Amino acid sequence: MTQDHATVTAFLGDTQLVSGSRETVTRTIEDCYPADLGAILVFDDATGRLADLDYWDAARTMPAPSAGRPRLGVKAREVTLLPRHWDWLAAQPGGASAALRRLVETASKGAPDTKRRRDAAYNFMSHACGDRPGYEEALRALYRDDDAGFAGLIACWPTDIRQHIARLLEGG
């Protein structure tokens with residue numbers, strides 16, 4: 001799964017249970033692992049941070065469609081631009097807001113940069129790997145871009161953990 005779709009990955013101990021959209025992961029955990037809810041850790045695939053899922057409610061209830069403009073979670077904030085930038089934005093189809101949304105969307109779909117991928121791996125490792133042998137040395141190798149050293153230091157870690165770290169570092 002790509003991070004464009006806000007995917008998450010669930011672990012129970014060293015075992016990856018499921019990866020996919022928040023809704024898919026929530027439903028799978030509810031249906032297959034209800035006794036383990038307190039022990040399951042869910043990680044955001046874009047950031048490597050722990051993610052909260054809303055069990056029992058979110059996946060089962062769908063809001064009724066409303067008339068009018070769709071709720072996109074739009075936030076109004078101030079943007080400071082030069083007059084020529086505002087002129088260019090105003091001339092774009094849909095106006096300044098639509099043009100800015102398109103520009104941001106296009107830029108955000110690009111390949112994740114090295115720092116963001118590395119930080120995602122660090123965030124995951126800080127929760128799932130802190131007590132593993134070679135953890136601190138592995139982090140140092142990660143931030144030194146010592147791929148061979150990093151791989152050697154985590155070679156004895158569980159397969160699912162290593163594979164998820166690799167996936168985070170690849171950005172996909």
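Bear in mind the structure is a predicted one, so any value in this text is a computation, not a measurement.
- Shown here is Arg49, whose CZ atom has no more than 12 heavy atoms of other residues, nucleotides or ligands within 6.0 Å.
- Heavy atoms only, all atoms of each residue included: Ala6 and Arg22 are closest at O-CG, 3.8 Å.
- Across Leu168 and Ala121, no two heavy atoms sit closer than the pair CD1-CA, 4.0 Å.
- Across all non-hydrogen atoms, the minimal contact from Ala10 to Val25 is CB-CG1, 4.0 Å.
- Considering all non-hydrogen atoms of both residues, Trp157 and Tyr135 come closest at CZ2-CA, 3.9 Å.
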Show the numbers, then the answer: is there a salt bridge (Lys or Arg N to Asp or Glu O under 4.0 Å) between Arg27 and Asp31?
CA-CA 6 Å; Arg27 184 162 303 213; Asp31 293 345; 5.2 Å; no
Between Thr15 and Asp160, is the side-chain hydrogen bond (donor to acceptor under 3.5 Å, both in side chains) condition met? List the steps.
CA-CA 6 Å; Thr15 305; Asp160 285 355; 4.7 Å; no
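- Between the Arg118 side chain and the Asp113 main chain, no donor and acceptor come within less than 3.5 Å of each other.
- Relative ring orientation between Phe43 and Phe11 is described as perpendicular, the plane-to-plane angle rising above 60° on a 0-90° scale split at 30° and 60°.
- Considering every non-hydrogen atom in both Ile161 and Ala128, the closest pair reads CD1-CB, 4.3 Å.
- Two different hydrophobic clusters hold Leu142 and Leu153 under the rule that ILVMFWY side chains link at heavy-atom gaps under 4.5 Å.
- With hydrogens and angles ignored, the 3.5 Å screen pairs a side-chain donor or acceptor of Arg162 with a backbone N or O of Ala155.
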Below 3.5 Å, can you tabulate the donor-acceptor pairs from side chains in residues 81-100 to any protein atom, sequence neighbours excluded?
residue : atom : partner : partner atom : Å
His85   : ND1  : Leu82   : N            : 3.3
Trp86   : NE1  : Leu81   : O            : 3.4
Gln92   : NE2  : Trp88   : O            : 3.1

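- Put simply, the side chain of Thr106 never gets that close to the backbone of Leu103: no donor and acceptor are under 3.5 Å apart.
- Pro133 and Cys156 get closest at one heavy-atom pair: CG-SG, 3.9 Å.
- Ring orientation note: the planes of Tyr122 and Tyr143 are nearly perpendicular, at an angle over 60° on the 30°/60° scale.
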